[in-house]
Amino acid sequence: MGPAGSGKSTYCATMMTHCQAAGRKVHLVNLDPAAEHFEYEPTIDIRELITLEDVMEELDYGPNGGLIYCLEFLLNNIEWLEEEIGSYDDDYLIIDCPGQIELYTHFPIMRRLCEQLGRWNMAICGVYCLESQFIEDKSKYFSGVLSAMSAMVNLEISHINVMTKMDLVQGDYGNRAADEDIEGETESEKKKRQRKKRAQMERVMVEREMDRYLEPDPLLIAEEAGALEEKPSAWTLKFQALNQAIVQLIDDYSMVSFIPLNITDEESVEYVLSSVDHAMQYGEDLEPKEPDDKVEYD
């Protein structure tokens, strides 16, 4: 789960590839009625039950209202999902959810769905995705932090937060050093790429600074607020008071931290997957199974 464009579908595809390579029985479940393309074909797909396009056409709803209607329709016909999941109850299911953040922070829809999955004795872990480009704007970043915290409080399930698209960040958190050549790249293209990278991430190139975003440092927003004006107006002072309240809220809860995910780094992918497994205690109650293909020995 997470905002639109935060890399949820890419996360799902990456974990599908990694799990299959490790020999784990894994299936993709799509709960986004507006989804169009998948790298892996979903084993269970809400679009077989209802689609956003049909709702918008028949009920004259907008995209946001139509999406909420589709998820409520799913809850009202939950026996469909129970029947679909029934034959995979011992397997690992990766659920790709819609990108409408209100579903996790304002409406009880996803919470009711998680409660239903719990009644079916399924171990659940929520993965909240926030893309690394949010750190370019501290206000936008802290908006994401608050949304993640709201989702954690609202859903009341095992939960981890993942900072996605870390392959776009240079340094130890990226997949390529700034001066590393790309095959077939001309000198002018290389310089253009390096200039673009520096312009985008110049404030977070130091690992020490990046750590302040992975473990949200409330002083980041306070520093930005204090640097806006040398002589703040009355209006600015009001916003500083709001910023201070946000800082206090984040500091009091101390719930949100992010695990960096670089999809080009196998160790990074494995670390995120192991964190999810640990959060929901995956595998602790699984019975040993015979391999699908028996090997004959001489």
Side-chain angles (χ1 to χ4, degrees), residues 1-3 6-9 11-16 18-20 24-35 38 40-52 67-129 147-162 255 259 272-287 289:
M1 56 186 163
S6 60
K8 297 185 296 299
S9 295
Y11 169 88
C12 293
T14 301
M15 290 303 166
M16 287 284 294
H18 190 80
C19 289
Q20 289 180 352
R24 183 181 297 189
K25 289 186 176 181
V26 59
H27 304 278
L28 179 63
V29 179
N30 172 45
L31 292 186
D32 185 357
F38 290 96
Y40 288 90
E41 189 66 24
T43 304
I44 302 173
D45 195 342
I46 190 178
R47 295 175 299 177
E48 296 177 3
L49 178 69
I50 189 171
T51 66
L52 178 61
L67 189 58
I68 294 172
Y69 179 90
C70 289
L71 270 295
E72 288 180 338
F73 187 83
L74 172 64
L75 289 175
N76 292 332
N77 296 272
I78 199 65
E79 64 279 357
W80 173 85
L81 184 61
E82 183 178 14
E83 183 179 344
E84 293 290 317
I85 289 179
S87 55
Y88 307 110
D89 53 0
D90 287 334
D91 296 344
Y92 196 92
L93 304 181
I94 298 177
I95 303 177
D96 193 357
C97 298
Q100 190 175 4
I101 197 64
E102 293 90 341
L103 292 171
Y104 319 104
T105 60
H106 292 73
F107 295 98
I109 296 175
M110 298 306 292
R111 178 174 179 173
R112 288 170 56 195
L113 179 60
C114 291
E115 290 173 348
Q116 187 62 58
L117 293 174
R119 293 190 192 101
W120 297 336
N121 297 319
M122 300 186 69
I124 313 167
C125 179
V127 179
Y128 190 95
C129 298
S147 296
M149 185 168 66
S150 179
M152 294 173 73
V153 172
N154 187 43
L155 296 180
E156 295 184 341
I157 59 175
S158 301
H159 188 110
I160 69 168
N161 300 295
V162 174
M255 293 173 59
I259 300 175
V272 172
L273 181 61
S274 63
S275 298
V276 174
D277 289 347
H278 177 73
M280 64 179 180
Q281 299 179 329
Y282 174 77
E284 292 190 1
D285 58 349
L286 292 181
E287 296 292 336
K289 293 183 178 181

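Between atom OG of residue Ser6 and atom CE of residue Met1 there is a gap of 10.5 Å, rounded to the nearest 0.5 Å. The line from CG of Asp91 to SG of Cys19 is 11.5 Å long, rounded to the nearest 0.5 Å. In this structure, the separation between CE on Met110 and CD1 on Ile157 is 8.5 Å, given to the nearest 0.5 Å. Here the CE atom belonging to Met16 is positioned 8.0 Å from the NE2 atom belonging to His27, to the nearest 0.5 angstrom. The distance from atom CD of Gln100 to atom OG1 of Thr105, rounded to the nearest 0.5 Å, is 9.0 Å. Here the straight-line distance linking atom CE of Met122 with atom SG of Cys114 works out to 10.5 Å at 0.5 Å rounding.
In this structure, the side chain of Lys8 engages the main chain of Gly2 through a donor-acceptor pair within 3.5 Å. In this structure, Asn154 contributes its side chain and Ser150 its backbone to no donor-acceptor pair below 3.5 Å.
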(message) One pair to check against side chain to side chain contact (heavy atoms under 4.5 Å, CB included): Leu75 and Gln116. What are the steps and the verdict?
(response) CA-CA 9 Å; Leu75 289 175; Gln116 187 62 58; 5.7 Å; no

(request) Determine, stepwise, if the pair Ile46 / Asn30 fulfils side chain to side chain contact (heavy atoms under 4.5 Å, CB included). (result) CA-CA 6 Å; Ile46 190 178; Asn30 172 45; 4.2 Å; yes

(request) Begin with the C-alpha distance, continue with both residues' side-chain angles, and end with the deciding distance and a verdict on side chain to side chain contact (heavy atoms under 4.5 Å, CB included) for Tyr128 and His159. (result) CA-CA 8 Å; Tyr128 190 95; His159 188 110; 3.5 Å; yes

(request) Kindly determine whether Arg24 and Leu273 satisfy side chain to side chain contact (heavy atoms under 4.5 Å, CB included), including the steps that lead there. (result) CA-CA 12 Å; Arg24 183 181 297 189; Leu273 181 61; 3.9 Å; yes

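Residues Tyr40 and Gln20 have side chains in contact (heavy-atom distance under 4.5 Å, counting atoms from C-beta outward). Residues Val29 and Tyr88 fail the side-chain proximity criterion, which asks for heavy atoms closer than 4.5 Å. Looking only at side-chain heavy atoms (C-beta outward), Tyr104 and Pro3 stay at 4.5 Å or farther from each other. For the pair Asp96/Pro42, no side-chain contact is recorded, criterion being any heavy-atom separation below 4.5 Å from C-beta on. Between Leu117 and Ile85 the shortest side-chain heavy-atom distance falls below 4.5 Å. Taking 4.5 Å as the limit, some side-chain heavy atom of Leu81 sits within range of a side-chain heavy atom of Trp120. At a threshold of 4.5 Å between non-hydrogen side-chain atoms, the residues Ile124 and Ser158 do not count as touching. In this structure, the side chains of Ile50 and Asn77 stay at 4.5 Å or more apart for every pair of heavy atoms.
The two atoms that bring Val127 and Val162 nearest to each other are CG1-CG2, 3.6 Å, heavy atoms only. Closest non-hydrogen pair, Ile259 versus Ile160, comes out as CD1-CD1, 4.3 Å. Leu67 and Leu52 get closest at one heavy-atom pair: N-CD1, 3.4 Å. Of all non-hydrogen atoms in Arg47 and Thr51, the two that sit nearest each other are O-CG2, 3.4 Å.
Every residue two or more places apart in sequence or in another chain that forms a ring-ring contact (aromatic ring centres under 6.0 Å, His included) with Tyr92 is listed here: Tyr282.
Glu79 CD: more than 12 foreign heavy atoms inside a 6.0 Å radius.
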